[in-house]
Amino acid sequence: MSRDGKKLATTLAQAGSRRDARTGAVSVPIHQTACFNHPALGQSTGFDYSRTSNPTRLALEETLALADGGCRAFAFASGLAAIDSTLRLFRTGDRLVVTEDLYGGTFRLFDKIFGPLGIEAIYVDTTHLESVRQALKDPRVRGVFIETPTNPLLRIADIRAIATLAREHQALMIVDNTFLTPVLQRPLEQGADLVVYSASKYLAGHNDVVAGAVVASTPELADRMAFCQNAIGAILGPQDSWLTLRGMKTLPLRLARQQENATRLAAWLSRHPRVPAVHYPGLPDHPGRSILDREHAGYGAMIAFEVDDPARVPHILAGVKTFLFAESLGGVESLITYPAVQTHADLDPAVRERLGIHNRLLRLSVGIEDVEDLMADLEALL
Ligand SMILES: *Cc1c(COP(=O)(O)O)cnc(C)c1O
């Protein structure tokens, strides 16, 4: 159920459709304008300058807020721009407890930008509650930033339990929900304060736009995020806001098909003699599955798997005919990625090895194609 009293699929299908009373345009217009004509001194149409607010971006932001059950949402130029603006809520000397197998770009942001400014990440295994509890004992901790499922190993953290711990320590709880989206996982309902997205992935869903979002749970946090969005200015433009909103209309349908394909592909891979390990949260023996089942979350459509011999990797990446060898995820087209050299190159090699992001690991973002073609593609190369 989304906050307007309708089911999420209904809200999303009609996103932006009743906003233009003058013409009745069913698709929200792209307001490609920097500024807005004021009727008179001291009067405003509600829009002044597009950095502060733009009607097309607002249609997307209101949809994002409804979808996650948040108070307000904010659209940014990329997922990293969204995370950057969120981390500006912290001050020099603050620390955050952060998922250790983090998306490489978010790690780089903490490591190279916020660390030197005195806002430090304490990396822990956030699938292990006791580690989170220990890390929170540091009195300088003001925030918790988790990714779940993690990238690329699809490990699952207990959002509800971590949110309870964060609240006890008055730490702001931020969840990167890029992999499961509000359709399959609802962090704000499980106690998180803020949700961040790379909307470039499932939300937009067609590998055609780079965008980011933040959803705030309370008016107080919304005001602070609105201030950061306007003061920093890393906003999403009207064209890309429209594309993202258009993508979100079909999010539940796309994800259902993607998850169905991923479930079949993961089961098939886990029986394959050349594949010693498959990481997919929907597999019955996946250690995080019970958490997702308890929260009525889904398993998503990301799979990581190991091949028996690293020499096979270049052959697979050069030979795929249905999968595309490209480094993103979440779109309708299935992609294959080599995390150790692509998405996670910024991690220390020793850390990569310890986390299991080694040279035999491949990651699949499963799209909406016919799953038989996807299987045949991998079968021919394995
Ligand atoms: C891609 C990604 C990001 C960064 O988003 P961009 O839109 O590429 O800036 C952040 N978190 C996760 C989990 C991602 O997959």
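Since the structure is predicted, the reported quantities are computational estimates derived from the model, not experimental observations. All ligand and atom numbering here is 1-based and tracks the order in the structure.
- Close placement of the Phe107 and Tyr123 rings is indicated, their centers lying within 6.0 Å of each other.
- Under the 3.5 Å distance criterion, with hydrogens and angles disregarded, a donor-acceptor pair is assigned to the side chains of Asp20 and Thr23.
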Identify all N/O pairs between ligand 1 and the protein with a separation under 3.5 Å and present them as a table of atom names and distances.
residue  : atom   : partner : partner atom : Å
ligand 1 : 5 (O)  : Ser198  : OG           : 3.0
ligand 1 : 7 (O)  : Gly79   : N            : 2.8
ligand 1 : 7 (O)  : Ser198  : OG           : 2.8
ligand 1 : 7 (O)  : Ser200  : OG           : 2.7
ligand 1 : 9 (O)  : Gly79   : N            : 3.0
ligand 1 : 9 (O)  : Leu80   : N            : 2.9
ligand 1 : 11 (N) : Asp176  : OD2          : 2.7
ligand 1 : 15 (O) : Lys201  : NZ           : 2.8

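- With sequence neighbours left out, the salt bridge (Lys or Arg N to Asp or Glu O under 4.0 Å) criterion links Glu369 to no other residue.
- Residue pairs meeting the salt bridge (charged side-chain N to carboxylate O under 4.0 Å, His left out) criterion with at least one member in residues 274-286, sequence neighbours excluded: Arg274-Asp308.
- Residues forming a ring-ring contact (aromatic ring centres under 6.0 Å, His included) with Tyr338 (at least two apart in sequence, or on another chain): none.
- Remark: the Asn177 side chain and the Tyr197 side chain contain an N/O donor-acceptor pair separated by less than 3.5 Å.
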